[in-house]
2 protein chains.
Amino acid sequence: MKKKRIFLVDDHRMILDGLQSLLENDDHFETAGTYTSAAEAIKYIDSLKPDFIITDISMPGMNGIEFTAEVKKKYPHIKIIALTMSGDAGMIEEMTAAGISGYVLKNTGRKELKESLEKVSSGEMFYSTEAAAAMLMALRQQKKLREEEEKAHLTPREKEIIKLIAQEYSNAMIAESLFISERTVETHRKNIFRKTNTKNIVGLIKYAMEHKLI
Amino acid sequence: MKKKRIFLVDDHRMILDGLQSLLENDDHFETAGTYTSAAEAIKYIDSLKPDFIITDISMPGMNGIEFTAEVKKKYPHIKIIALTMSGDAGMIEEMTAAGISGYVLKNTGRKELKESLEKVSSGEMFYSTEAAAAMLMALRQQKKLREEEEKAHLTPREKEIIKLIAQEYSNAMIAESLFISERTVETHRKNIFRKTNTKNIVGLIKYAMEHKLI
DNA sequence: AAATCAATACCGCTCTGCCGGGATTTTAAG
DNA sequence: CTTAAAATCCCGGCAGAGCGGTATTGATTT
């Protein structure tokens, strides 16, 4: 029976070697290539014809999400499994949207790796228990922040004011730099505090950092 | 000629497998054990008698620095090489103080790994080029921050005030929670601003975050 | 055309924080 | 015991920020 061919992609060579050793002497799967960059992996798809790709997400140059989108565009039949650390979970939406079929952690063992390949083979999504839990948590947090921000509905000008506040500008300095009245700055600040449910500068700075406004 | 024995320690199994595969079929070095925790590795030192340990630094439970200090205490002859990502470079002083003899990045190849083992064998320190550069930069930054903080010389009470400021307490609230006068809080704040060379709350919050006071 | 939104500006006032000084008491170090 | 440092507290004054409101104008949407 012909073994399914797998590409392994990760910027850390040791991860590649570790993955490769997990797949050694397997009856159903074999490593068709190992690459330390997504761009390099793409070059060999036509000639080596992998059925699966197991890829890191955070990589220099083309990251795992861009890579997945690129691969799925030309080779929609190739199944892609994301190799994640719990910290990557924040990108779950982007990964799923890009077309990834499974998520395993870098700590995964041979058994779970095989299980992920088999499930993905038959068209199912696969999440390792830990990966799923971490991702769900990150997803909730991200959604909450976005809801808060939409609810706040800060206008472009208000966001600009926040940036200048974060750069330690006083009201007078903000007014001068934006060519508006200090009274206008006061009103903007008032509205900003109300919309963000903060009551002082410390709270606002925290809000802005959480919502990546600065 | 008897091969030098090496312990490999990293919380990611794939890194361990990758390292192991780099050392396979080597004439001078062999893997004596692979462990996903420092505590586990320590258990087998007496029985398996490694000459070297290659260890990650950021690990759950006992980290690489504590591990190194612990090992060096009982087995000062064992040479220890730190396996780092560039992000770990901030701990270089602690690592060196603990007794680590070499630093390689997780991207290192067989050739450089062997070179590090050989150099460390003969009593020299080893730094991979990238590891050295990253560490130097981190060291400089860390030193700068520490100088700033020593120069500032914030007293314990002042640091406490800063924490409460960061938690959005007003002067009155700080006074109430610390059972001191509001005027006292004002004086503390005045001194804090002067010592940290900041002039407003935003600047102070930034300073405090940089110096990990909050 | 009307309604809505964003941006602008203002009012009179209060509150908070800051400033530049001074002082005493308690604790820790020499 | 002496000295130094830390912590505490106060003064009078001032500047900046905030508060709760109102209003106008231009652009956009319905």
Side-chain angles (χ1 to χ4, degrees), chain A residues 145-214, chain B residues 145-214:
Chain A
L145 286 185
R146 195 169 50 256
E147 276 171 359
E148 275 179 9
E149 199 183 331
E150 278 176 9
K151 199 171 174 179
H153 194 50
L154 294 163
T155 69
R157 197 59 147 176
E158 283 164 350
K159 289 174 175 174
E160 197 168 7
I161 301 285
I162 290 174
K163 285 194 175 84
L164 293 176
I165 290 172
Q167 289 169 34
E168 302 174 58
Y169 280 55
S170 65
N171 285 353
M173 290 162 74
I174 294 172
E176 192 178 349
S177 83
L178 296 183
F179 304 100
I180 61 180
S181 163
E182 197 173 332
R183 292 293 199 174
T184 302
V185 178
E186 280 175 29
T187 302
H188 281 309
R189 288 173 75 122
K190 213 176 355 176
N191 291 334
I192 288 166
F193 282 130
R194 180 171 51 78
K195 288 180 173 185
T196 58
N197 272 324
T198 58
K199 50 184 189 292
N200 54 34
I201 287 300
V202 176
L204 179 59
I205 293 298
K206 284 179 171 177
Y207 176 100
M209 282 179 169
E210 273 193 340
H211 295 80
K212 308 219 190 308
L213 297 176
I214 56 175
Chain B
L145 286 184
R146 197 174 42 259
E147 276 172 359
E148 278 180 7
E149 197 180 336
E150 277 177 9
K151 200 172 177 181
H153 194 49
L154 293 164
T155 68
R157 197 59 148 173
E158 285 164 348
K159 288 175 176 173
E160 195 168 8
I161 301 284
I162 291 173
K163 284 194 176 86
L164 293 177
I165 290 171
Q167 289 169 35
E168 301 172 58
Y169 281 53
S170 66
N171 284 354
M173 292 161 72
I174 293 171
E176 191 178 350
S177 83
L178 296 182
F179 304 100
I180 60 180
S181 161
E182 199 174 331
R183 292 293 201 175
T184 301
V185 177
E186 280 176 28
T187 302
H188 280 309
R189 289 174 76 120
K190 213 181 352 181
N191 291 334
I192 288 167
F193 281 131
R194 181 171 51 77
K195 289 180 172 184
T196 58
N197 271 325
T198 58
K199 49 186 190 292
N200 53 38
I201 285 300
V202 177
L204 178 60
I205 292 297
K206 284 179 173 177
Y207 176 100
M209 282 180 169
E210 274 192 344
H211 296 81
K212 305 213 192 309
L213 297 176
I214 55 177

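A, B, ... follow the sequence lines: proteins, then strands. Residue 1 opens every chain. Quick caveat, the model's predicted, so the values are computed rather than measured.
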May I ask you to verify if any side-chain N or O of [X] is less than 4.0 angstrom from the OP1 or OP2 atom of [N]?
X      : N      : result
B/H188 : D/dA7  : no
A/R189 : D/dG18 : yes
A/S181 : C/dC10 : yes
A/T155 : C/dA7  : yes
A/N171 : D/dA17 : yes
A/T184 : C/dA9  : yes

By nearest-nucleotide position on DNA chain D, the 5'-leaning member of B/R183 and B/F179 is B/F179

Any sub-3.5 Å donor-acceptor pair from [X]'s side-chain atoms to [Y]'s backbone N or O?
X      : Y      : value
A/K206 : B/A166 : yes
A/K199 : A/F193 : no
A/E210 : A/Y207 : no

Sugar-phosphate only, base, or nothing, as touched by B/E158 at under 4.0 Å among non-hydrogen atoms:
nothing

Across the strands shown, which category fits A/T187 at heavy-atom distances under 4.0 angstrom: base, sugar-phosphate, nothing?
base

Whole Å only: how far is the [atom1] atom of [X] from the [atom2] atom of [N]?
X      : N      : atom1 : atom2 : result
B/H153 : D/dA5  : NE2   : C1'   : 8 Å
A/N191 : D/dG18 : CG    : P     : 13 Å
A/N200 : D/dG16 : CG    : C1'   : 15 Å
B/I192 : C/dC18 : CD1   : P     : 10 Å
B/E168 : C/dG17 : CD    : C1'   : 17 Å
B/E176 : D/dT8  : CD    : P     : 16 Å

Just compare C/dC18, C/dA7, D/dT8 and give me whichever is closest to any side-chain atom of B/F193.
C/dC18

Is a donor-acceptor pair below 3.5 Å formed from side chain A/K199 to base D/dG18, judging by atom type as modelled?
no

So does B/K190 reach the base of C/dG17 with its side chain, donor to acceptor, closer than 3.5 Å?
no

Hey, is B/R157 close enough to B/E160 for a salt bridge, meaning N to O under 4.0 Å?
yes

Student check: side-chain heavy atoms of B/R189 and B/I165 closer than 4.5 Å:
yes

Walking DNA chain C from its 5' end, the first of B/E186 and A/E182 to be reached, judged by nearest nucleotide, is A/E182

